[in-house]
Amino acid sequence: MRSPEEFNFLDPKTVDDPYPFYAVLRENSPVYQVPGTDIYLVSKRHLIEEVLERQDDFSANLTGVLITGSTGEPQVFNLSDLGGTVDAIANADEPSHAVHRKLILPYVTPKVIAALEETVREWAVELIDPLIDMGSGDFVERVANPLPIRAMALVVGLPLGDADRLLDWAMAGTELLAGTTTLERLSLVAGKAGEMGAYLGEHLQRAMVGSKGEPPPDVIGALARGVQDGLISERDGVAILLVLVGAGGESTTSLTGSAVRILAEQPELQQELRGNPMLISEFVEEVLRLESSFRAHYRHVKHGTKLGDVELPEGSRILLLWAAANRDPETFDNPDSVNIRRPRLREHLAFGRGMHFCLGARLARLESRVILEELLARTRSFSLDPRHPPRHVNSIFVRRHAELGLIAAG
């Protein structure tokens, strides 16, 4: 019987293919303390759901993250060294969380997101056609990266012309949570996060000045109104925008890249979806389960408590491994395989669960479906480019392709 200690949690090989490690955790140590740290990995679905229900014991506030030490060992970096905890939207507790969520919900309703489909489709065609015309290219660079950041900017109310800068900042923001980041690299990444915060603060202030009593047209307008009405502080508004920009860029970029890679590896499935586009939505759900865009999220232990049979000291942290729970064989039959006809396709935890269910889930699903529809409709086939093998970013937090070379036949 294998043990978690046989794996180096932060080794690039384990990060690139974490699923054998997750399987060992689920089987032998569902609440596992990362050696030398106060961080515990939670890998079983029922334990993750228990944590989500126990809000009096576990805070969503982000107080510290794993980083990689000088000799490759895991260390904990306390975010107080960067100015304090993160407590906006996904990282907020009640009652603040409900206030933050209420401000944003009107801009992610089914009607609002559905109205974006035509624009998203136009962008998808604009980005996909050149790749097909060339016959090959990096799908991530050409499609999976630029489209989601545009969509996020549109919903939030940021200039589309700033998409490249927003993308760079968004990826830097999630690198703070990568676990593989060294202390030296962390200072550089934190600097970029500071730049993004300053940029977002300027736009929030402009929205506050420009507000004249009419309903805000976008998220940033709603946050400006919230500051003016005393519902949130200006600092809260910037923190919420930081989370939205990071998550909005990452989720669909990661999801779409994984979906296209799986189809490139499975030509029969690719042809099935090409012949029956109605199944694309089901395929998106299966990719969300199989290759969860966000592998994990932190929780802070408010006071000494117990999870499973493990005692958790006050001030420690746990890392909820969505990606491990989404391959839990107690929930899903043959969890490591693609099955678009799987019962209860949406029972995965890729977007979280309960009050912290991802606000951007509806937009991510729309973007991914539309991109896949257009890619499949505009090609006879596509496959991986052997000259540029798929490559993931080196992160325990996100499951995103850094490069995905395709050969496409129109």
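On a predicted model such as this, the values are computed, not experimentally measured, just so you know. Atom set for the values below is all heavy atoms of this structure, side chains included, hydrogens, waters and symmetry mates excluded.
- Between Arg165 and Glu195, none of the side-chain N atoms (NZ, or NE/NH1/NH2) sits under 4.0 Å from a carboxylate O, so this pair counts as no salt bridge.
- Annotation: cation-pi geometry satisfied between Arg289 and Phe332 (NZ/CZ under 6.0 angstrom from ring centroid, within 45° of ring axis).
- By the 30° and 60° cut-offs, the orientation of the rings of His401 relative to His392 is parallel.
- Between Ser368 and Thr256, the shortest heavy-atom distance links the atoms OG-OG1, 3.4 Å.
- Other residues, nucleotides and ligands contribute only 12 or fewer heavy atoms inside 6.0 Å of the CD atom of Glu141.
- Judged by distance alone, with hydrogens and angles left aside, the side-chain atoms of Asp93 form a donor-acceptor pair with the main-chain N or O of Ala60 at under 3.5 Å.
- Residues Tyr298 and Leu177 share a closest heavy-atom pair of CE1-CD2, 4.1 Å.
- Remark: the backbone N or O of Glu175 is paired with a side-chain donor or acceptor of Thr181 at under 3.5 angstrom.
- The six-membered or imidazole ring of Tyr32 lies away from that of Tyr40, with a centre-to-centre distance of 6.0 Å or more.
- A salt bridge does not link Lys302 to Asp56: none of the charged side-chain nitrogens sits closer than 4.0 Å to a carboxylate oxygen.
- Residues satisfying the side chain to side chain contact (heavy atoms under 4.5 Å, CB included) criterion with Ala264, sequence neighbours excluded, are Phe382, Leu384, Leu406.
- The aromatic rings of His356 and His97 sit tilted, their planes meeting at an angle between 30° and 60°.
- Sorted by first and then second residue, the ring-ring contact (aromatic ring centres under 6.0 Å, His included) pairs involving residues 145-203 (not counting sequence neighbours) are Trp169-Tyr199, Tyr199-His203.
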